[in-house]
Amino acid sequence: MSQQGPSGNVEAAVRRHSGWLVPLALLALTTALGALILFYYLAPNPGSLTEEHASPSARTNRVLLKVGNLSFFAPANYLPYASERSGGPRREIAFRAILPDFRGFTDLTAGEFAGNGPNSRVIHILITREDFDVGESARLERIYLNEVVNRLGKPAPAGLVGYAFKNDSGYRGEDLFVGKDSQGTVVMRCTRQIVDVPSPNCMREVALAPGVLLSYRFKRSRIGQWRLIAAGVEQLVHSFISHSGAT
């Protein structure tokens, strides 16, 4: 029978440990990589408001934010999300205001800002970093009018022309309203009121600056106020734009 010296015992121990250390290391590496991938896909995006719940504030201190090349210096009570009120560069910024004077959130209007009734006075405004260089008139001619039932449209409230989208259109379930104001063509898509949509909205999208899109939505029941809303949104948003970064 052969005998092992001290060095032989050490070598045998190393071989025994090596047999389970390598699989253990591989398992640890695989677990770490899986955790990183899971975190990447599930962790909240600090530049997106999609998953965040609104928590408006009545404070009126100004907050400096930036989307693309545009800086905004907006009162905190117009910013419905807490993350926005920390300021800085963003992929998107949400503002909320209430008709008819486009004031921000206050304790007195908290109930209205929290509600979503069909006659809500709250206007939802979104500034997004996005390449969007097709004007409203061009979009109307190139896209929307090819998807409606009748390109001639019908007279609608408040000087608008209304169109119904085809049932096989990507905009099915919506109507199109087109008007003219001092700035040019105004194009709005409005969800139809059905059982599943008891509180339908209207939405408009317009280029605010190169690479920056402005969109806003309001309740369809207020389509007759479209001129007031268009002018109010434009005035409000431009009042927030900071040319010096902190004026």
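Side chain of T185 to backbone of S137: no donor-acceptor contact under 3.5 angstrom is found. For the pair R222 (side chain) and S120 (backbone), a donor-acceptor distance under 3.5 Å is present. Side chain of R227 to backbone of G179: no donor-acceptor contact under 3.5 angstrom is found. Not a single donor-acceptor pair under 3.5 Å links the side chain of E52 to the backbone N or O of Y81. For the pair T106 (side chain) and T109 (backbone), a donor-acceptor distance under 3.5 Å is present. Of the possible polar contacts, one joining the R62 side chain to the F73 backbone as a donor-acceptor pair under 3.5 Å is found. Remark: the backbone N or O of E130 is not paired with any side-chain donor or acceptor of T128 at under 3.5 angstrom. One N or O on the side chain of R139 and one on the backbone of E205 form a donor-acceptor pair closer than 3.5 Å.
Closest approach of V161 and A156 over heavy atoms only: C-CB, 4.3 Å. Nearest heavy atoms, A94 versus L79: O-CD2, 3.6 Å. The two atoms that bring D181 and A230 nearest to each other are OD2-CB, 4.2 Å, heavy atoms only. Shown here for V148 and L176, the closest heavy-atom pair between the two residues is CG1-CD2, 4.3 Å. The two residues P198 and Q193 come nearest to each other via the heavy atoms O-NE2, 3.1 Å. Smallest separation of non-hydrogen atoms from F113 and G104: CZ-C, 3.7 Å.
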query = Is there a side chain to side chain contact (heavy atoms under 4.5 Å, CB included) between Y216 and L126 once you walk through the steps?
reply = CA-CA 6 Å; Y216 61 86; L126 190 66; over 6 Å; no

task = Apply side chain to side chain contact (heavy atoms under 4.5 Å, CB included) to R85 and S55, showing your working.
result = CA-CA 10 Å; R85 296 192 289 274; S55 55; 3.7 Å; yes

task = Report the C-alpha separation of N116 and K219 in whole Å, then their side-chain angles, then the decisive distance to 0.1 Å, and conclude whether the side chain to side chain contact (heavy atoms under 4.5 Å, CB included) test is met.
result = CA-CA 9 Å; N116 187 41; K219 291 304 174 185; 2.7 Å; yes

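In this structure, CZ in R142 is found 11.5 Å from CG in N146, a value given to the nearest 0.5 Å. Remark: S169 OG to E174 CD distance equals 8.0 Å, nearest 0.5 Å. Interatomic distance, S199 OG to R220 CZ, rounded to the nearest 0.5 Å: 12.0 Å. For the atom pair CZ (F218) and CZ (R204), the distance works out to 9.5 Å, reported to the nearest 0.5 Å. Here S86 contributes atom OG and L65 contributes atom CG; the two are 7.5 Å apart, rounded to the nearest 0.5 Å. Here CG of D175 is found 12.0 Å from CE of M188. Values are rounded to the nearest 0.5 Å.
Residue N167 places its CG atom among 12 or fewer non-hydrogen atoms of other residues, nucleotides or ligands, all under 6.0 Å distant. For R192, the CZ atom is densely surrounded, since the number of other residues' heavy atoms within 6.0 Å is greater than 12.
Residue L208 is grouped with residue F95 when hydrophobic side chains (ILVMFWY) are merged at heavy-atom distances under 4.5 angstrom, including chains of intermediate members. With hydrophobic clusters built from ILVMFWY side chains whose heavy atoms lie under 4.5 angstrom apart, L99 shares a cluster with Y78. Linking Ile, Leu, Val, Met, Phe, Trp and Tyr whenever their side-chain heavy atoms come within less than 4.5 Å puts I123 and I93 in one cluster. Linking ILVMFWY residues whenever their side-chain heavy atoms come closer than 4.5 Å, directly or via other members, places L214 and L228 in the same cluster. Hydrophobic clustering places L236 together with I127 (ILVMFWY residues linked when any side-chain heavy atoms are closer than 4.5 Å, directly or through intermediates).
The pair E141-R151 counts as a salt bridge, with a side-chain nitrogen and a carboxylate oxygen less than 4.0 angstrom apart. Remark: R103 engages D101 in a salt bridge, criterion side-chain N to carboxylate O under 4.0 Å. Electrostatic pairing of E84 and R90 does not count as a salt bridge here, judged by no charged N lying under 4.0 Å from a carboxylate O.
Every pair passing ring-ring contact (aromatic ring centres under 6.0 Å, His included) that includes a residue from residues 169-193 is listed here, sequence neighbours excluded: Y144-Y171, F165-Y171. Residue pairs meeting the disulfide (SG to SG under 2.5 Å) criterion with at least one member in residues 57-102: none, sequence neighbours excluded.
In this structure, N77 has no side chain to side chain donor-acceptor pair (under 3.5 Å) partners at least two apart in sequence or on a different chain.
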